[in-house]
**Q** 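Take this structure first; my questions come after.
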Amino acid sequence: MKYSMENYSEFLKDFADLIAAKSEKGEPAENAPFGSGVKKAFDVFKNIAKKMNFDVIDYEGHMGEISEGHGEELGIIGHLDVVPAPDAGWNTKPYVLTKIDGTFYGRGVQDDKGPVLTCLYALKSVIDEYGEAALRKNVRFFVGLDEESGWGDVEYFKTKSHFPKFGFSPDGNFPVVYAEKGPNRIIFEYDYKGRGGKFSGFTGGTVANAVCDHATVCGEIVPELIKKYNLIKNNGVIESFGKAAHGSKPELGKNAILPILKYIDEVENGTVSPLIEYLFDDKLGITKFGNETGKATLSPDIISENNGVITLTCDFRVPAKMNLDEFLPLFDKTGIPYRAVKGRDPLYVDKDGDFVQSLLAAYNDVTGENEKPYSCSGATFSSVFECGCAFGPEFEGAEGAIHEPNEYVSEENLLKMYCIYRAALVNLLIR
């Protein structure tokens, strides 16, 4: 199937300019709360919008908004900030849009500059064809500037305005995500020394939402057990290597913390058994709770130790239609002191309702497929809306190396997503 875009050559120029802005979070500066690089990307976006005769509301450099039409509000939100992209590991320059064999490479081509720009061009195309007077809704197009580093953009915006009830974000997956789990952190503090433990220097993991792929500890060396648990001795330090994965899908990784705990538990005859049983073996069956939108997941992703107290920070995902408080009595039963840090509530939108079905129809009409809406374990920018859906840009089987070196999007998929977003805007704003 052939996909196309009006003004495609102009789009490519704008795309290159956006990618060239090294919008990694930096030190705050005047009119640049998230750093000069992020501000540069926002300035590029504002110039593109101005060229299209859109006015951009600037929320003091925290977020931008384009508002068109009248009546019931419809939200669209993407972001212009990106995760860091050091040159190491890249086959191209990360901040130079590069096309090789029908594929575009560069930091942000898929997450999220490319999708944001395709949505903007889609909105412009719909207004040009039908006229602003034909819009049945007030479409509010938001560009976030701190999605990758804490959502400070969203928190600031909420002090100045409000988000629409319904909206979508081109920062997830196709065909359409109608439910998302709620991300939280559970921080356990285990009195290891008080149970007679003698190992020290526990380290492992870097972020709470990624399965730990490297952990270390210092203590007694028992060669046969080192071998049994596939550990490594390195100048008196015991090392464990695993496989990283997103904390929302711990089953896709291999947690490096567990072999170390099993090793210690066998050497010391049960000093860390509760950690293994409750946090890894799920003795209480916490991760069996769920519904049609998925099961709860608990992933112990960071380990540290201070004065004999082991701290384990866990990524805990609550399925849609459930809440964190429901699980606290179960965590109480572990007998391990903990702190629950609430993140965002789970997201649920009626999959048979008009909003989800309008998005789904656009996807199926453009692609010729017959897909159904689905739920996911991650949490996306769409959760700023009470009834929000992640809607692209990732197609099944084409992940794009998001957050990794050589981030990419094929030209075919870029044009396809443009056609899908345009069809969705026609469904939601015109028909």
Side-chain angles (χ1 to χ4, degrees), residues 1-21 23 40-54 56 64 66 68 76 78-80 82 92-132 134-135 139 141 143 168-171 174 359 362-369 391-395 398 400-402 406-430:
M1 186 179 295
K2 182 70 173 177
Y3 304 102
S4 61
M5 178 191 299
E6 306 92 334
N7 304 318
Y8 186 50
S9 60
E10 190 67 22
F11 171 90
L12 291 180
K13 293 178 184 177
D14 292 338
F15 196 16
D17 288 343
L18 267 184
I19 298 302
S23 51
K40 182 178 179 181
F42 188 31
D43 288 342
V44 171
F45 177 86
K46 287 189 286 188
N47 287 335
I48 295 169
K50 182 177 180 180
K51 180 176 59 179
M52 294 178 171
N53 295 318
F54 289 131
V56 178
I66 293 169
E68 296 289 331
I76 303 169
H79 64 93
L80 300 177
V82 298
T92 64
K93 294 182 179 180
Y95 291 103
V96 176
L97 182 66
T98 305
K99 184 180 179 183
I100 301 173
D101 296 331
T103 296
F104 292 105
Y105 294 89
R107 177 59 86 223
V109 296
Q110 183 85 311
D111 182 27
D112 190 33
K113 294 177 180 178
V116 165
L117 193 60
T118 60
C119 277
L120 183 65
Y121 265 75
L123 177 61
K124 172 64 173 171
S125 176
V126 170
I127 292 176
D128 283 350
E129 178 175 350
Y130 295 95
E132 184 179 350
L135 300 181
V139 57
F141 190 117
V143 284
F168 70 83
S169 176
D171 194 20
F174 285 124
L359 297 175
Y363 176 87
N364 285 332
D365 288 348
V366 169
T367 64
E369 299 173 10
F391 187 48
E394 293 185 50
F395 295 91
I402 288 174
N406 303 311
E407 181 179 343
Y408 69 90
V409 62
S410 73
E411 184 171 44
E412 179 183 9
N413 282 348
L414 189 71
L415 291 169
K416 188 194 301 186
M417 73 175 73
Y418 164 80
C419 294
I420 293 169
Y421 291 137
R422 190 185 188 285
L425 291 174
V426 171
N427 288 347
L428 293 167
L429 299 175
I430 305 298

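Small disclaimer: the values here were computed from a predicted structure and weren't measured. Here, residue 1 is the first one in the sequence, and each next residue gets the next number.
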**Q** Calculate, to the nearest 0.5 Å, the distance between atoms NZ and CG belonging to Lys40 and Leu18 respectively.
**A** 11.0 Å
**Q** Considering all heavy atoms of both residues, which atom of Arg107 and which atom of Ala401 are nearest to each other, and what is their separation?
**A** NH1-O, 4.5 Å
**Q** Counting C-beta onward and ignoring hydrogens, is there a side-chain heavy-atom pair between Met52 and Glu10 closer than 4.5 Å?
**A** no
**Q** Angle class for the Phe11/Phe15 ring planes (parallel below 30°, perpendicular above 60°, tilted otherwise)?
**A** tilted
**Q** For residues Leu80 and Ser23, report the shortest heavy-atom separation together with the two atoms involved.
**A** O-OG, 2.7 Å
**Q** Ignoring hydrogens and geometry, is there a side-chain-to-backbone donor-acceptor pair from Lys113 to Ala41 under 3.5 Å?
**A** no
**Q** Check Ala49 against Ile66 and note the closest heavy-atom contact, atom names and distance.
**A** CB-CD1, 3.9 Å
**Q** Give, for atom CG of Leu415 and atom NZ of Lys2, the distance between the pair rounded to the nearest 0.5 Å.
**A** 7.5 Å
**Q** Do Asp14 and Val44 come within less than 4.5 Å of each other through their side chains, counting heavy atoms only?
**A** no
**Q** How many angstroms lie between CZ in Phe391 and CE in Met417, if you round to the nearest 0.5 Å?
**A** 11.0 Å
**Q** Just do the ring-ring contact (aromatic ring centres under 6.0 Å, His included) check on Phe104 and Tyr408 with the steps written out, would you?
**A** CA-CA 5 Å; Phe104 292 105; Tyr408 69 90; over 10 Å; no
**Q** What are the two closest non-hydrogen atoms of Val139 and Leu429, and how far apart are they?
**A** CB-CD2, 4.0 Å
**Q** Would you say the side chains of Glu412 and Tyr3 form a donor-acceptor pair under 3.5 Å?
**A** no
**Q** Where the side chain of Glu407 meets the backbone of Asp111, is there a donor-acceptor pair that is under 3.5 Å apart?
**A** yes
**Q** Supply the atom-to-atom distance Ile76 CD1 to Leu120 CG, rounded to the nearest 0.5 angstrom.
**A** 9.0 Å
**Q** Verify, without hydrogens or angle tests, whether Thr118 (side chain) and Pro115 (backbone) share a donor-acceptor contact under 3.5 angstrom.
**A** yes
**Q** Quick test of your reading of the model: are Asp43 and Lys46 salt-bridged, counting only N-O distances below 4.0 Å?
**A** yes
**Q** Measuring from Asn7:CG to Lys13:NZ, what's the distance to the nearest 0.5 Å?
**A** 10.5 Å
**Q** For Tyr8 and Tyr121, run side-chain contact (heavy atoms from CB on, under 4.5 Å): C-alpha distance rounded to whole Å, both residues' side-chain angles, the deciding distance at 0.1 Å, then the answer.
**A** CA-CA 9 Å; Tyr8 186 50; Tyr121 265 75; over 6 Å; no
**Q** State, to 0.1 Å, how close Asp112 and His79 come at their nearest heavy-atom pair, and which atoms those are.
**A** OD2-N, 3.1 Å
**Q** Are the ring centres of Phe174 and Tyr421 closer than 6.0 Å?
**A** yes
**Q** How about Lys51: does its NZ atom have over 12 heavy atoms from other parts shown lying under 6.0 Å from it?
**A** yes
**Q** Atom CD in Glu6, atom CG in Asp128: separation rounded to 0.5 Å?
**A** 8.5 Å
**Q** State, yes or no, whether a side-chain contact exists between Ile127 and Leu123 at a heavy-atom distance under 4.5 Å.
**A** yes
**Q** Are Glu129 and Arg422 close enough, and set up right, to give a salt bridge (Lys or Arg N to Asp or Glu O under 4.0 Å), and what steps lead you there?
**A** CA-CA 11 Å; Glu129 178 175 350; Arg422 190 185 188 285; 2.3 Å; yes
**Q** Do Cys119 and Phe168 come close enough that some side-chain heavy atom pair is under 4.5 Å?
**A** yes
**Q** Please evaluate residues Leu414 and Glu411 with respect to the criterion side-chain contact (heavy atoms from CB on, under 4.5 Å), reporting the C-alpha separation (whole Å), side-chain torsions for both, the decisive distance (0.1 Å), and the verdict.
**A** CA-CA 5 Å; Leu414 189 71; Glu411 184 171 44; 5.5 Å; no
**Q** With a 4.5 Å cut-off on side-chain heavy atoms, are Phe54 and Lys124 touching?
**A** yes
**Q** For Leu359 and Leu428: C-alpha separation, side-chain torsions, deciding distance, then whether side-chain contact (heavy atoms from CB on, under 4.5 Å) applies.
**A** CA-CA 8 Å; Leu359 297 175; Leu428 293 167; 3.8 Å; yes
